[in-house]
Amino acid sequence: MKRLLEAPRPALILGFSGLLPFVSAPMAMAATQLYLPEVAFAQVAYGACILSFLGGARWGFALPEGSPAKPDWLNLANSVVPALLAWVALLFGDNLTEANLMVIMGLGIALHYDLALLPTYPSWFKAMRTVLTLVATFSLVATLILTSVYPEKRLSAQKK
């Protein structure tokens with residue numbers, strides 16, 4: 001984790017700022033002592049966006065000429081997996097537990113790809129990705145736990 005301090009300042013600021021939508025959801029629920037399904041869905045939707053971003057970043061890393069990651073089947077196919085998992089997560093919109101678990105699974109798979117299958121990323125990036133993924137995952141797990149701790153309250157009345 002010492003390598004994290006070698007990261008460019010913009011990457012650190014933007015990366016850690018990107019955790020706000022993840023951590024704010026369970027914090028809002030803990031503050032109100034209510035499980036808020038719309039907030040939980042917003043967290044899942046944001047996680048789906050992040051999964052798509054991670055896949056695109058991997059694709060972009062493989063395309064430039066001279067990149068250590070070649071634009072072969074392995075790298076490019078693994079680039080689309082996070083976006084596909086994000087899409088499936090959003091299809092579970094009515095069941096937030098499954099949607100949440102799908103995003104958690106996607107974050108874990110994307111991190112595995114970046115650390116094990118593409119070890120040529122800079123060390124600071126791998127350290128940052130690990131920390132960001134762990135915080136995002138624990139935030140999603142916290143939201144899952146809060147579903148059974150607090151009573152549910154919808155922010156808006158559903159139309160029938």
Side-chain angles (χ1 to χ4, degrees), residues 1-29 37-147:
M1 288 301 137
K2 292 184 298 186
R3 301 287 187 188
L4 187 59
L5 300 175
E6 298 171 5
R9 189 165 170 82
L12 284 173
I13 291 171
L14 292 170
F16 282 93
S17 296
L19 289 175
L20 289 173
F22 282 115
V23 298
S24 62
M27 287 176 59
M29 291 181 216
E38 293 93 344
V39 173
F41 179 77
Q43 184 190 40
V44 165
Y46 180 71
C49 292
I50 293 299
L51 284 176
S52 294
F53 171 79
L54 293 173
R58 185 180 178 92
W59 184 287
F61 187 70
L63 289 183
E65 194 170 316
S67 173
K70 301 299 173 217
D72 57 18
W73 280 103
L74 178 67
N75 284 317
L76 296 182
N78 285 332
S79 296
V80 299
V81 169
L84 291 173
L85 292 173
W87 174 66
V88 171
L90 293 176
L91 290 177
F92 285 129
D94 287 343
N95 193 327
L96 289 174
T97 298
E98 278 85 0
N100 193 315
L101 290 171
M102 187 64 66
V103 171
I104 290 170
M105 188 170 68
L107 289 171
I109 290 171
L111 181 63
H112 168 71
Y113 286 164
D114 288 347
L115 297 181
L117 299 180
L118 198 57
T120 55
Y121 278 137
S123 295
W124 65 263
F125 180 77
K126 292 188 284 186
M128 187 175 76
R129 279 276 289 114
T130 300
V131 171
L132 295 176
T133 298
L134 287 174
V135 172
T137 299
F138 286 133
S139 297
L140 288 159
V141 169
T143 298
L144 280 177
I145 292 169
L146 294 177
T147 63

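Using a 4.5 Å heavy-atom cutoff, the side chains of Ser139 and Gln43 are in contact. For the pair Val81/Leu51, no side-chain contact is recorded, criterion being any heavy-atom separation below 4.5 Å from C-beta on. Contact check for Leu54 versus Leu107: side-chain heavy atoms found under the 4.5 Å cut-off. Annotation: side chain of Ile50 is in contact with side chain of Phe22 (closest heavy-atom distance under 4.5 Å). Side-chain contact check for Leu111 versus Leu134: every heavy-atom pair is 4.5 Å or farther apart. Side-chain contact check for Thr143 versus Val44: every heavy-atom pair is 4.5 Å or farther apart. Side-chain contact between Phe92 and Leu96 is absent, with no heavy atoms from C-beta onward closer than 4.5 Å.
Between the side chain of Thr147 and the backbone N or O of Leu144 there is at least one donor-acceptor pair closer than 3.5 Å. A donor-acceptor contact shorter than 3.5 Å links the side chain of Asn75 to the backbone of Lys70. Under a 3.5 Å cut-off, the side chain of Tyr46 and the backbone N or O of Gly18 do form a donor-acceptor pair.
Annotation for Pro82 and Ala110: closest pair CG-CB, 4.2 Å, computed over non-hydrogen atoms. When all heavy atoms of Met27 and Val23 are compared, the pair lying nearest together is CG-O, 3.1 Å. Ala7 approaches Leu12 most closely through the heavy-atom pair CB-CG, 3.7 Å. Across all non-hydrogen atoms, the minimal contact from Val103 to Ala89 is CG2-CB, 3.7 Å. Of all heavy-atom pairs spanning Gly60 and Pro64, the tightest one is O-CD, 2.9 Å. Heavy atoms only, all atoms of each residue included: Pro71 and Ala62 are closest at CD-O, 3.4 Å.
Here Asp114 does not pair with Lys126 in a salt bridge; the nearest charged N to carboxylate O distance is not below 4.0 Å.
Around the CG atom of Asp94, the shell of radius 6.0 Å holds no more than 12 heavy atoms that belong to other residues, nucleotides or ligands. The environment of Phe138 atom CZ is sparse: at most 12 non-hydrogen atoms of other residues, nucleotides or ligands sit within 6.0 angstrom. Counting heavy atoms of neighbouring residues, nucleotides and ligands inside a 6.0 Å radius, atom CZ of Phe53 does not exceed 12 of them.
Of the inter-residue distances, the one linking Met102 atom CE with Asn95 atom CG reads 11.0 Å to the nearest 0.5 angstrom. Rounding to the nearest 0.5 Å places CD1 of Ile104 at 6.0 Å from OG1 of Thr137. Atoms CZ and CG, from Arg3 and Leu5 in turn, are 10.5 Å apart once rounded to the nearest 0.5 Å. One finds the CZ atom of Arg58 at 12.0 Å from the CG atom of Leu63 (value rounded to the nearest 0.5 Å). Rounding to the nearest 0.5 Å gives a distance of 12.0 Å between OG of Ser52 and CH2 of Trp87. To the nearest 0.5 Å, atoms OG (Ser123) and CE (Met128) are separated by 12.5 Å.
For the ring-ring contact (aromatic ring centres under 6.0 Å, His included) condition, the pairs that include at least one residue of residues 55-81, sequence neighbours left out, are Phe61-Tyr121.
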